[in-house]
Amino acid sequence: MAQKELSNFFEDYIKKESLFINKKALQESYTPKNIPHREEQINQTASILAPVLRLEKPSNLFIYGKPGSGKSLTMKYVTSSLLETAKKNKIQIKIVYLNCKLKRVSDTEYRLIAELTRALGKDVPATGLPTEEVYKLFIKKLEEEKTLLIIILDEIDQLVNKIGDEILYNLTRLNSELKNSEVSFIGISNSLFFMNDLDPRVKSSLSEEELVFPPYNAIQLQSILRQRAELTFKKGLVEEGVIEKCAAYAAREHGDARKALDLLRVAGEIAERKDQSKILIKNIDEAEEKIERDRVLDIINTQPKQFNLTLYSIFHLCQNSSKPVFTGDVYESYKEACSKGGTRPLTQRRVSDIIAELDMLGIINAKVISKGRYGKTREIRLEIPQSTIPNINDLLKKGLDL
DNA sequence: CGAGATTCATGTGAAGTATACCTTTAGGCTTAA
DNA sequence: AAGCCTAAAGGTATACTTCACATGAATCTCGTA
């Protein structure tokens with residue numbers, strides 16, 4: 001684009017009418033004024049948490065539900081309203097929200113407690129202190145505050161999966177060490193079976209109350225989408241059938257409302273970028289691909305180099321064959337990639353763990369199988385659509401200097 | 001032919017190592033009385 | 001002598017390695033029908 005044209009482009013851009021009135025309404029951070037189809041869960045949560053307003057410790061709460069079934073949103077909605085009321089009536093309470101699966105933030109016991117302590121306003125070093133010491137710091141700070149603290153642990157199943165359930169036991173014991181303050185927990189889990197193989201002591205104390213969020217069905221998804229679409233887009237800009245298709249896509253994935261909203265938002269962005277006057281059905285397919293690509297790119301950007309090298313090797317192998325790949329092949333390819341990129345390769349033991357973690361991230365599917373006489377290995381398949389691979393592969397290659 | 005032993009390729013657990021960072025402490029230097 | 005700074009000592013968490021043992025079904029072996 002020549003320079004003159006560039007300024008014209010910007011001029012035009014200003015004049016051009018946006019398809020969006022308020023893009024925020026489709027973003028993940030947005031909390032709508034009312035949450036349809038979750039009235040019951042809201043009421044229950046509210047009545048479970050209400051005792052804090054009388055400075056009584058509420059029951060610990062455990063919440064189950066598939067991704068995008070409104071768990072986090074409902075919690076955010078209820079707690080923010082709770083905080084408001086508490087503030088108005090000058091009641092000392094605090095609420096901390098933590099997502100346990102965030103890598104390098106709160107995916108170990110130390111880091112989780114450290115993060116909690118930081119949330120109370122006390123800085124804790126990233127490493128070096130004994131974990132026990134951080135517990136003490138946390139307790140001391142909390143005692144100073146003299147408050148009722150509600151800790152929300154999102155995706156707690158992932159954490160326990162990784163480091164075991166001892167941490168939950170330690171957490172539930174916190175109250176016995178506190179005199180001036182109290183702690184309540186809200187655990188959020190994607191897996192319905194998470195509680196099954198947990199230490200019974202933890203189980204009983206952590207889930208004094210339980211709540212299940214059923215997935216949305218297609219009709220409910222449609223009404224959610226309509227409500228948000230009205231806030232986001234000008235009237236009549238959404239082609240007939242778009243909402244239905246978004247809902248259908250998401251319903252196929254266990255009623256994931258977040259996915260549905262993402263689809264609609266990204267479809268809107270694509271339509272706008274293409275200078276369309278309407279959002280078309282075909283934009284949704286484009287949106288789906290873009291979302292998938294962005295998700296993978298996000299993972300690539302946040303993972304350490306060794307993970308990306310492993311991932312690159314897997315892509316590399318999967319591109320050339322539709323058959324599943326095995327650990328040994330990946331490791332060979334990985335070593336090669338390392339020598340090309342001038343990195344010292346990790347041991348196979350470690351790469352095996354990395355593959356398992358990539359599986360957890362949902363980017364690949366690695367199942368442990370036995371091939372009888374020919375040993376035991378992981379059978380690795382990609383969990384992302386073939387069409388997005390070449391694209392990502394190039395980016396990875398560049399990022400790794402191969 | 002079928003039950004049990006064998007085998008392979010790697011999963012997996014435990015313990016050890018390297019690194020980066022923390023607190024404590026002892027020594028050395030400066031400063032002020 | 002008191003105060004302050006620095007460096008060493010002793011400690012921890014985390015990512016990774018090393019070592020050793022566990023797995024589990026296809027294949028082999030061998031006794032039996």
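Below, chain A is the first sequence line, B the second, and so on; all start at residue 1.
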CG of A:D359 versus C1' of B:dG11: gap in Å, rounded?
-> 14 Å
Any A:T327 side-chain nitrogen or oxygen under 4.0 Å from OP1 or OP2 of B:dG11 | yes
For A:K66, look at atom NZ and say whether over 12 heavy atoms of other residues, nucleotides or ligands are found less than 6.0 Å away.
-> no
The side chain of A:R349 lies closest to which of these nucleotides: C:dT17, B:dG13, C:dA15?
-> B:dG13
Rounded to whole Å, NZ of A:K376 lies from P of C:dT27 at a distance of 18 Å
Do the side-chain N or O atoms of A:T131 get closer than 4.0 angstrom to the phosphate oxygens (OP1, OP2) of C:dA13?
-> yes
Verify the contact: side-chain N or O of A:S352 to OP1 or OP2 of B:dG11, cut-off strictly under 4.0 Å; return yes or no.
-> yes
For A:N89 and A:I91, indicate whether the former's side chain and the latter's backbone hold a donor-acceptor pair under 3.5 Å.
-> no
For B:dT10, does OP1 or OP2 lie under 4.0 Å from any side-chain N or O of A:S370?
-> no
For A:R104 and C:dA13, give me the distance from atom CZ to atom P, rounded to whole Å.
-> 17 Å
Ignoring backbone atoms, test whether A:R111 places a side-chain nitrogen or oxygen under 4.0 Å from the OP1 or OP2 oxygen of C:dA15.
-> yes
Please report, rounded to the nearest Å, how far the P atom of B:dT10 is from the CZ atom of A:F326.
-> 9 Å
Hey, is A:E269 close enough to A:K290 for a salt bridge, meaning N to O under 4.0 Å?
-> no
Distance below 4.0 Å between A:T127 side-chain N/O and C:dA13 OP1 or OP2 = no
Identify which nucleotide among B:dT12, B:dT10, B:dT7 has an atom closest to any side-chain atom of A:R373, counting heavy atoms from C-beta outward.
-> B:dT7
Round to a whole Å and report the spacing from OH of A:Y110 to C1' of C:dA15.
-> 16 Å
Do the rings of A:F194 and A:F62 sit parallel, tilted or perpendicular, given the 30° and 60° boundaries?
-> parallel
From CZ of A:R344 across to C1' of C:dT17 the rounded distance in Å is 9 Å
Grab the OH-P distance between A:Y331 and C:dC16 for me, whole Å please.
-> 13 Å
Given that A:Y374 and A:T108 both sit by DNA chain C, which one's nearest nucleotide is further toward the 5' end?
-> A:T108
Length of the line joining A:L129:CG and C:dT14:P, which is rounded to integer Å = 11 Å
Side chains of A:N34 and A:Q227: do they bring a donor and an acceptor to under 3.5 Å?
-> yes
Among the nucleotides C:dT17, B:dT12, B:dC21, whichever has the atom closest to the side chain of A:R350 is C:dT17
